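Model, not experiment: these values are computed from the prediction. Letters go in sequence order (proteins before strands), and every chain restarts at 1.
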There are 2 protein chains.
Amino acid sequence: MKISTAESVVMGALWAREPLSAEDIAADVAEGQGWSDATVKTLINRLLNKGAIAAERDGRRYLYRPLVAREAYVEAESQGLLDRLFDGKLAPLVSHFSQTGALTPEDIAELKKLIEGFEP
Amino acid sequence: MKISTAESVVMGALWAREPLSAEDIAADVAEGQGWSDATVKTLINRLLNKGAIAAERDGRRYLYRPLVAREAYVEAESQGLLDRLFDGKLAPLVSHFSQTGALTPEDIAELKKLIEGFEP
DNA sequence: TCTTCATGTTTACACCCGTAATCGTTGGCT
DNA sequence: AGCCAACGATTACGGGTGTAAACATGAAGA
């Protein structure tokens, strides 16, 4: 199940708060994306069709909730990138970011703490 | 300049070895992708049109070489993912991989070495 | 020189994606 | 009971992508 980037914005709203009506989603998402309500409705429907979210009737409208967990999505995306660009290895990725100067001292400190936590 | 995933496979061949003829690329790439020669030709042409590679005549054929550096592509892709999924911060990404159990002891050792290298 | 083969160029086509308008239905108000 | 507004469903459409065939051109061999 492939979730497109536009669709993932809608998923983002549902991952943050759940369940939401179409109106809620549009409110959350239209700002910042500049989408019309119609666009949000289309995305909701595509997500429904591919089974990424579920709809449950609530009076005259539906409430939507995610069926795909955020973790699963993040996992698929980041593993894909790691495999495609870094031969599946994490260290080269970290090394890459260190070389492009994208690491603040806080990042480094946090990473260090993390890594030490891994040690048995 | 957006390089699609299929196109990036062709770029991959050129980043590994350069310059290459269309035939070379097809040989490198068709295996593993299951593409016909025609498909590879199309991708080469699209890359030419968007200026991602250059062609230089070599007798009856052309030799191709990348104009976009692998580093630039990797940078754009991975920064994009980091921003979209991890709020631009590296530590959560590393943490994510540690939790999904994708880290071998060698990975950890290598990361540790890296991080220590960052320290002043 | 004529034909054939290799190589690059053009065209094709179905599907996905971003973006949206229109249609249809149903509950609520008058 | 009839009309209106809200909401979801259907349809639209241009552009990109994956995949590939058809066409053109020029060089090499017969």
- [ ] Take A/Asp24 and A/Arg17, measure what salt bridge (Lys or Arg N to Asp or Glu O under 4.0 Å) needs, and give me the verdict at the end.
- [x] CA-CA 10 Å; A/Asp24 294 336; A/Arg17 210 153 43 94; 5.4 Å; no
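- Using a 4.0 Å cut-off, no side-chain N or O of A/Ser21 falls inside it from OP1 or OP2 of D/dC7.
- Taking atom CG on B/Leu47 and atom P on D/dG16, their separation rounds to 15 Å, with Å as the unit.
- Salt bridge absent: B/Lys2 and B/Glu7 never bring a charged side-chain N and a carboxylate O closer than 4.0 Å.
- Using modelled atom types, one finds no donor on one side chain facing an acceptor on the other under 3.5 Å when comparing A/Thr42 with A/Asn45.
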Task: Verdict with supporting geometry, B/Leu114 and A/Ile115, side chain to side chain contact (heavy atoms under 4.5 Å, CB included) - done: CA-CA 11 Å; B/Leu114 257 178; A/Ile115 307 273; over 6 Å; no
Open item on the list: How would you summarise protein contacts on nucleotides 19-30 of chain D per nucleotide, using B for base, S for sugar-phosphate only and - for none, with heavy-atom distances below 4.0 Å?
Closed with: BBB-----SS--
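- Closest approach of B/Ala13 and B/Val29 over heavy atoms only: CB-CG2, 4.0 Å.
- The cluster map of Ile, Leu, Val, Met, Phe, Trp and Tyr, joined by side-chain heavy atoms under 4.5 Å apart, puts A/Leu63 and A/Leu14 in different clusters.
- Taking atom CD1 of B/Ile44 as the reference point, atom C1' of D/dG18 lies 15 Å away to the nearest angstrom.
- Between A/Asn45 atom CG and D/dC7 atom P there is a gap of 15 Å when expressed in whole angstrom units.
- A straight line from CD1 of A/Ile53 to P of D/dA9 spans 10 Å, rounded to a whole angstrom.
- Residue A/Leu67 is not grouped with residue A/Ile25 when hydrophobic side chains (ILVMFWY) are merged at heavy-atom distances under 4.5 angstrom, including chains of intermediate members.
- In summary, contact between chain B and DNA chain C, defined as any nucleotide atom under 4.0 Å from a heavy atom of the protein, begins and ends at C/dT7 to C/dA12 in the 5' to 3' direction.
- Under the 4.0 Å criterion applied to side-chain N and carboxylate O atoms, A/Arg61 and A/Glu23 are assigned as salt-bridge partners.
- Atom P of nucleotide D/dG8 and atom CG of A/Asp58 are separated by 10 Å, given to the nearest angstrom.
- Spacing between atom CZ of A/Arg61 and atom P of D/dA5 amounts to 18 Å, rounded to whole angstrom units.
- A chain of hydrophobic side-chain contacts below 4.5 Å, direct or via other Ile, Leu, Val, Met, Phe, Trp or Tyr residues, connects A/Val94 to B/Ile108.
- At a threshold of 4.0 angstrom between heavy atoms, the contacts of A/Ala55 with the nucleic acid are absent.
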